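Along the sequence shown, residues carry numbers from 1. Just so it is clear, the model here is predicted, and its values are computed rather than measured. Both backbone and side-chain heavy atoms feed into the values below; hydrogens, waters and symmetry mates do not.
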Amino acid sequence: MTQTNKRILSGITPSGSSLHIGNYFGAVKPQLELQNTAETYYFMADLHALTTIHDKETLEKNITGVVLDYIALGLDPAKSVFFRQSDVPAHSQLMVVLGNYVMYGQMQRMHAFKDKLQKDANEESINMGLFNYPILMAADILLYKPYGVPVGEDQRQHIELTRDIAENFNKAYQTDVFPLPEPLISKEVGKVVGTDGQRKMSKSLGNTIGIFEDEAVIRKQIMSSFTDPNRKKATDPGTVEGNPVFIYHELLNDNASEVEELKTRYRAGKVGDVEVKEKLFQAHQRYFASARAKRKELESNLEVARDILADGALRAGKLATETLEEVYRTIGIRNQLNNK
Ligand code: ADP
Ligand code: TRP
């Protein structure tokens with residue numbers, strides 16, 4: 001993922017009030033690393049959150065929470081353009097156009113829609129915002145003509161749809177207005193397992209380890225994590241591979257020799273789960289210490305975040321408006337009556 005001088009874009013939906021370590025290692029960390037080698041655009045997908053959040057206070061709280069999380073984790077306004085989706089109206093405007101270059105049948109095959117249909121088994125309970133979500137996402141992406149879109153594995157299908165829409169559009173007008181974006185998905189951490197040891201870590205599944213919650217909350221999340229289900233007592237030899245607690249150690253623990261030593265003792269049945277987890281908790285606290293401190297500072301002075309977003313909206317808006325104009329000219333919405 002080291003592309004020089006290439007534009008990168010990604011977004012995050014504030015569907016919860018704080019990020020978890022799956023979000024961080026799967027998406028945020030690779031995104032922030034790209035700040036040093038590419039031209040990066042990152043945004044808070046507040047309009048996307050409306051698919052699930054219809055409570056004003058919750059939405060306000062989530063947006064602020066995730067914005068502060070990002071900045072605390074290392075979003076650098078000197079290196080990245082950071083903005084809110086709703087501050088750049090071109091996202092919504094391009095979405096209206098793009099819906100015409102994708103077929104209903106393909107939209108019905110989108111995972112977010114299909115999963116929801118399976119869970120609730122009822123089309124009456126799926127709002128059109130959710131159904132259309134991938135079209136808004138395609139607009140988010142194509143406005144900036146990025147080379148790559150760093151996301152977690154679960155977003156791959158949306159990037160593929162975006163490519164299809166771009167291709168359909170380009171073909172219809174014999175143009176190359178939209179370059180096809182590449183999904184940038186890490187093989188190792190594109191899908192961090194949840195504390196249930198079964199499914200991907202996800203806030204809706206309640207199997208997360210947070211980043212900024214109170215120590216007591218984080219400790220509890222770590223202590224209740226699954227380990228090796230076949231190991232009944234600390235003296236039984238345990239399996240390290242695929243064991244969530246060791247996966248998290250690999251991600252978080254800066255003390256590699258401690259991790260190796262714990263693995264050896266675990267395999268030999270010479271360490272209890274509690275000690276492994278306690279060391280994981282300590283590693284978590286070390287890993288995120290400076291981000292946690294920075295977040296506290298940002299909370300007490302929201303002006304910093306406000307300024308970053310205002311500046312980001314201006315810079316993103318400029319680029320997005322150019323693309324929207326290019327699209328309007330290409331399709332005939334700009335003609336001699338409204339084209340100066
Ligand atoms: P959640 O599933 O908790 O609701 P989101 O869907 O809001 O998370 O995901 C935000 C970003 O984090 C996306 O780019 C997504 O691909 C990534 N992501 C979410 N969960 C994980 C995970 N368990 N492992 C890796 N990446 C993840
Ligand atoms: N759908 C993404 C998520 O749930 C967020 C998102 C919205 C996004 N628009 C985007 C990601 C455009 C990358 C590019 O996390």
If you take all heavy atoms of K79 and T40, which pair is closest and at what distance? O-OG1, 3.4 Å
List in chain and number order the residues that pass ring-ring contact (aromatic ring centres under 6.0 Å, His included) with Y248, two or more places apart in sequence or in another chain; answer none if no residue qualifies. none
For H20 and I211: C-alpha separation, side-chain torsions, deciding distance, then whether side-chain contact (heavy atoms from CB on, under 4.5 Å) applies. CA-CA 6 Å; H20 53 73; I211 298 175; 5.6 Å; no
Evaluate the side chain to side chain donor-acceptor pair (under 3.5 Å) criterion for residues S257 and N255: first the C-alpha distance (whole Å), next the side-chain angles of each, then the deciding distance (0.1 Å), finally the verdict. CA-CA 6 Å; S257 59; N255 185 346; 3.1 Å; yes
Whether the T175 and N170 side chains hold a donor-acceptor pair (N or O, under 3.5 Å, no angle test) is what I'd like checked. no
Aromatic rings Y101 and F169: how do their planes relate, parallel, tilted or perpendicular, breaks at 30° and 60°? perpendicular
Go through the structure and list residues passing side-chain contact (heavy atoms from CB on, under 4.5 Å) with E57, not counting sequence neighbours. D55
For the pair D115 and K119, find out whether any cationic side-chain nitrogen is under 4.0 Å from an anionic carboxylate oxygen. no
For the aromatic rings, using the six-membered ring if either is Trp, is the centroid distance between F288 and Y24 under 6.0 Å? yes
Tell me every residue that passes side-chain hydrogen bond (donor to acceptor under 3.5 Å, both in side chains) with E167, counting only those two or more places apart in sequence or in another chain. none
Are side-chain N/O atoms of Y266 and D228 paired as donor and acceptor at under 3.5 Å? no
Could you tell me whether E325 and R334 make a salt bridge, using a distance below 4.0 angstrom between a side-chain N and a carboxylate O? yes
Salt-bridge present (D46, R84; N to O < 4.0 Å): yes
Output, in order, the C-alpha distance, side-chain angles, deciding distance and verdict of ring-ring contact (aromatic ring centres under 6.0 Å, His included) for Y104 and F131. CA-CA 10 Å; Y104 175 66; F131 189 73; 5.7 Å; yes
Sequence neighbours left out, what passes side-chain contact (heavy atoms from CB on, under 4.5 Å) with Q93? Give chain and number order. P89, A90, L324, Y328
For K200, is there an ion pair with E153 - N to carboxylate O distance below 4.0 angstrom? no
Taken in chain and number order and not counting sequence neighbours, the residues that satisfy side-chain contact (heavy atoms from CB on, under 4.5 Å) with E160 are R156
Carboxylate-amine/guanidinium proximity below 4.0 Å for K263 and E250: yes
Indicate, with yes or no, if the rings of F82 and Y70 have centres closer together than 6.0 Å. yes
In sequence, state the C-alpha distance, the side-chain angles, and the governing distance for T13 and S15, and then conclude on side chain to side chain donor-acceptor pair (under 3.5 Å). CA-CA 5 Å; T13 307; S15 43; 5.6 Å; no
Answer with yes or no whether the side chains of T227 and D273 bring together a donor and an acceptor at under 3.5 Å. yes
For K203, is the NZ atom crowded, meaning more than 12 foreign heavy atoms sit under 6.0 Å from it? yes
Shortest non-hydrogen contact from L47 toward S92: CD1-OG, 3.6 Å
Any donor-acceptor N or O pair under 3.5 Å, side chains Q35, Y42: no
Residues forming a side-chain contact (heavy atoms from CB on, under 4.5 Å) with R219, sequence neighbours excluded: M223, E278, F281
Aromatic ring pairing Y144/H91, orientation class (parallel under 30°, perpendicular over 60°, tilted between): tilted
Enclosure of K145 NZ (heavy-atom neighbours >12, cutoff 6.0 Å): yes
